[in-house]
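Working notes, structure below.
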Amino acid sequence: MNVGEVIYQMKEYAKENHIPIITEEGLRFLLDYLKKNHVQHILEVGTAIGYSAICMCNLDPSITVVTIERDEERYLEAVKNVKKAGMEERIQLIYHDALDVHLEEKFDFIFIDAAKAQNMKFFQKFSLHLKDGGTILTDNMNFHGLVFQKEEEIESRNLRQLVRKVKDYKTFLTKQVDYQTKFYDIGDGLAVSVKL
Ligand code: SAM
């Protein structure tokens, strides 16, 4: 099976099984960014079934990805998909809670796409593994448009708290003196933070 077919099948699987994967628009932006900046070594927080990891690797044979997933079923599906795509040598899948993973290496690019409420913790932990001049891209910054809604209009208390955390993370990013962050209204909202 060629990689294009594997990618197509993963998209269908994600749709049928309600697995959240990056939007088409978000993916296009991400892949363009990687290409323009000649990114080689990537850390991804939030593998799901390996869709974005395989798409990123598919850009260029020299790209390698380390990706972390805490959900066993999704991780096992990602293992299968990476094998089908023939990318076992280039994609390292880690089955763990990202906040408990110990990494030694440094990356050119970090893609944060896991639990929104923990974005700040992911940034604080993994930014230590980013090379100078590298980029951290965070997805879901718009939280399906909820960050633009008045808080009192959001009925669920849990949802309100989550929205507040996404907003706090936005503020946190703008205050990082070592990073320059730009927000893009693409897909579900992207934050691109470049380490100065
Ligand atoms: N990047 C994937 C793609 O576009 O194909 C989609 C990832 S999905 C939006 C988010 C994933 O992050 C979920 O599968 C979830 O289980 C995982 N996740 C959430 N919190 C995590 C954590 N603390 N550690 C590891 N994985 C986590």
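These numbers were taken from a predicted model, which means no experiment stands behind them. Numbering of ligands and ligand atoms starts at 1, following listing order.
Between Phe126 and His129, the angle of the ring planes lies from 30° to 60°, which puts this pair in the tilted group. Between Phe123 and Tyr169, the ring planes lie perpendicular to each other; the angle is over 60°, past the 30° to 60° tilted range.
Across Lys11, Glu72, Arg74, heavy-atom proximity to atom 13 (C) of ligand 1 is greatest for Arg74. Of all the listed residues (Glu69, Met56, Glu44), Glu69 holds the heavy atom that lies closest to atom 14 (O) of ligand 1.
A heavy-atom separation below 4.0 Å is not found between Val45 and ligand 1.
Scanning the protein heavy atoms around atom 8 (S) of ligand 1, the nearest turns out to be Pro20 O, 3.3 Å.
Residue contacts with ligand 1: Phe111 is placed with no nitrogen or oxygen under 3.5 Å of a nitrogen or oxygen of the ligand (distance criterion only). Distances between N or O atoms of Ala98 and those of ligand 1 include at least one value under 3.5 Å.
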Less than 3.5 Å apart, which donor and acceptor atoms pair up between the side chains of residues 76-83 and the rest of the protein, not counting sequence neighbours?
residue : atom : partner : partner atom : Å
Glu77   : OE1  : Lys80   : NZ           : 3.4
Asn81   : ND2  : Ile49   : O            : 3.0
Asn81   : ND2  : Glu77   : O            : 3.2

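Taking every non-hydrogen atom of Gln118 and a distance limit under 4.0 Å, the qualifying atoms of ligand 1 come out as 23 (N).
A salt bridge between Glu5 and Lys84 is absent, with no side-chain N of the basic residue lying under 4.0 Å from a carboxylate O of the acidic one.
The stretch residues 34-47 participates, sequence neighbours left out, in these side chain to side chain donor-acceptor pair (under 3.5 Å) pairs: Gln40-Ser62, His41-Thr64, His41-Glu105, Glu44-Ser52, Glu44-Thr67, Thr47-Thr67.
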